[in-house]
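Here is the structure we will look at.
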Amino acid sequence: MNFYVLEDDPIGQRRIQHYLPTSFITASPTKLLTALAADTHPKIILLDLEIKGLLHAGINTAKMIRQTDCVSPIIIITTHDELSLQTFQSHISALDFIQKAQPEAQFGKKLQHAVQMAYQRLNQFELKLPVWLTIHNGAHTETFDLNTISHVSSNNGRHYINVHQSNTTTQIRNTIKQISQSHDKFLQIHASFCVNHDFIQQYRRKDNVLLLTTGDLLPVSRRFKHNLSNLQP
């Protein structure tokens with residue numbers, strides 16, 4: 001497994017090198033992107049959010065990675081706890097968010113756990129064969145791999161819906177109700193949202209929201225809460 005790290009602090013670089021000695025580590029987003037583009041093998045990516053004083057350098061780098069790579073797990077390592085929600089809302093599918101400023105034993109344990117989850121994520125992806133789903137688009141049809149669809153949303157009450165995939169969104173003429181009935185993995189959670197069960201990370205019952213593995217937070221309406229009755233909070 002190849003590890004790629006964006007970190008500009010020499011102490012932080014040595015720290016990660018201690019746990020992941022074969023890592024490619026750089027303080028340059030450009031060099032990181034170039035190295036990633038040249039590597040066609042499975043890989044795990046670790047990003048610091050602030051690079052050389054630029055607070056959002058890590059998030060911006062992750063967005064560029066996701067333009068061509070929707071598979072490689074991304075782990076965020078930073079001191080900026082306040083950016084955790086923004087990180088998940090940036091649609092970069094961050095696997096974990098590790099705080100640098102914690103005791104070394106806890107940091108090492110957290111990092112090892114995140115890497116283990118990343119391995120599991122890659123193994124799941126490699127084992128999944130495409131599940132082709134044909135969806136009506138007005139008088140025509142569109143074919144999607146169900147494994148890539150995280151959720152579907154309505155388009156402001158119009159007769160169009162948005163099919164959200166790993167790094168793209170497709171607008172088609174259909175309804176949320178019809179999509180929710182097209183496959184048993186789809187769960188309708190709101191008049192405007194239908195989710196793929198495989199992308200559910202956490203159901204926050206107290207807040208009536210659903211956190212997806214993509215980082216999206218979707219509302220759950222009272223009318224459709226029963227569709228999530230089997231999920232753990």
Side-chain angles (χ1 to χ4, degrees), residues 1-128 147 166-167 198-199 201-202 211-215:
M1 179 61 60
N2 297 328
F3 295 93
Y4 290 85
V5 183
L6 180 64
E7 169 64 77
D8 65 340
D9 178 24
I11 295 177
Q13 290 180 349
R14 290 193 294 271
R15 189 185 200 187
I16 294 175
Q17 195 89 49
H18 170 74
Y19 294 102
L20 305 172
T22 61
S23 300
F24 172 88
I25 302 180
T26 180
S28 167
T30 300
K31 290 183 179 179
L32 179 75
L33 293 170
T34 300
L36 289 171
D39 186 353
T40 59
H41 297 89
K43 43 194 169 284
I44 297 172
I45 305 167
L46 294 84
L47 302 177
D48 189 0
L49 293 184
E50 181 178 359
I51 299 296
K52 298 179 180 179
L54 298 177
L55 185 56
H56 297 92
I59 291 180
N60 292 335
T61 301
K63 288 180 178 178
M64 287 186 280
I65 291 171
R66 287 293 181 236
Q67 290 178 8
T68 57
D69 181 353
C70 61
V71 176
S72 298
I74 293 178
I75 300 169
I76 301 297
I77 301 180
T78 186
T79 58
H80 294 283
D81 279 340
E82 73 278 9
L83 294 180
S84 58
L85 180 59
Q86 183 179 345
T87 300
F88 284 116
Q89 291 177 336
S90 298
H91 308 293
I92 60 174
S93 302
L95 181 66
D96 207 348
F97 192 96
I98 301 177
Q99 170 59 251
K100 287 183 179 181
Q102 59 181 315
E104 191 61 34
Q106 293 182 20
F107 176 86
K109 185 176 180 179
K110 182 74 172 176
L111 178 59
Q112 291 170 359
H113 177 68
V115 169
Q116 183 179 13
M117 287 196 303
Y119 273 110
Q120 293 174 353
R121 177 72 60 82
L122 286 172
N123 288 336
Q124 289 174 357
F125 182 86
E126 290 176 356
L127 292 174
K128 279 188 176 181
N147 293 326
S166 303
N167 57 359
D198 290 348
F199 283 80
Q201 179 167 313
Q202 184 184 34
L211 173 63
L212 304 188
T213 58
T214 58

Worksheet item: Given the rule in the side-chain contact (heavy atoms from CB on, under 4.5 Å) test, do F3 and I75 qualify, once you have shown the distances and angles that lead to the verdict?
Response: CA-CA 11 Å; F3 295 93; I75 300 169; over 6 Å; no
Worksheet entry | Criterion side-chain contact (heavy atoms from CB on, under 4.5 Å) on Q116 and Q120, from CA distance to verdict | CA-CA 6 Å; Q116 183 179 13; Q120 293 174 353; 4.0 Å; yes
Worksheet item: Given the rule in the side-chain contact (heavy atoms from CB on, under 4.5 Å) test, do L49 and H56 qualify, once you have shown the distances and angles that lead to the verdict?
Response: CA-CA 6 Å; L49 293 184; H56 297 92; over 6 Å; no
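At least one donor-acceptor pair under 3.5 Å links the side chain of R15 to the backbone N or O of K100. At distances below 3.5 Å, not a single donor-acceptor pair connects side-chain atoms of S23 with backbone N or O atoms of I25. Using modelled atom types, one side-chain atom of Q13 and one backbone atom of E7 make a donor-acceptor pair closer than 3.5 Å. The main-chain N or O of P21 is found under 3.5 Å from a side-chain atom of Q17 such that the two form a donor-acceptor pair. The backbone N or O of I65 lies less than 3.5 Å from no partner atom in the side chain of D69, so there is not a single donor-acceptor pair.
Side chains of Q99 and T78 form no contact here, defined as non-hydrogen atoms less than 4.5 Å apart. The shortest distance between side-chain heavy atoms of R14 and H18 does not fall below 4.5 Å. By the 4.5 Å heavy-atom criterion applied to side chains, N60 and L54 are not counted as neighbours.
Between I92 and I59 the shortest heavy-atom distance is CG2-O, 4.4 Å. Taking all atoms of both residues into account, the shortest heavy-atom contact from I98 to K110 is CG1-CG, 3.6 Å. In terms of heavy atoms, K43 sits closest to L122 at O-CD1, 4.0 Å. Of all the heavy atoms in M117 and L95, the pair that sits closest is C-CD2, 3.8 Å. G58 and L6 make their closest contact through CA-CD2, 4.5 Å (heavy atoms, listed as atom of the first residue, atom of the second, distance). A27 approaches I51 most closely through the heavy-atom pair O-CG2, 3.4 Å.
Using cut-offs of 30° and 60° on the angle between ring planes, the pair F24 and Y4 is tilted.
In this structure, the separation between CZ on F199 and CD on Q201 is 12.0 Å, given to the nearest 0.5 Å. Going from atom OG1 of T26 over to atom CG of L32 covers 7.0 Å, rounded to the nearest 0.5 Å.
A side chain to side chain contact (heavy atoms under 4.5 Å, CB included) with I77 holds for exactly one of L47, D48, L111; it is L111.
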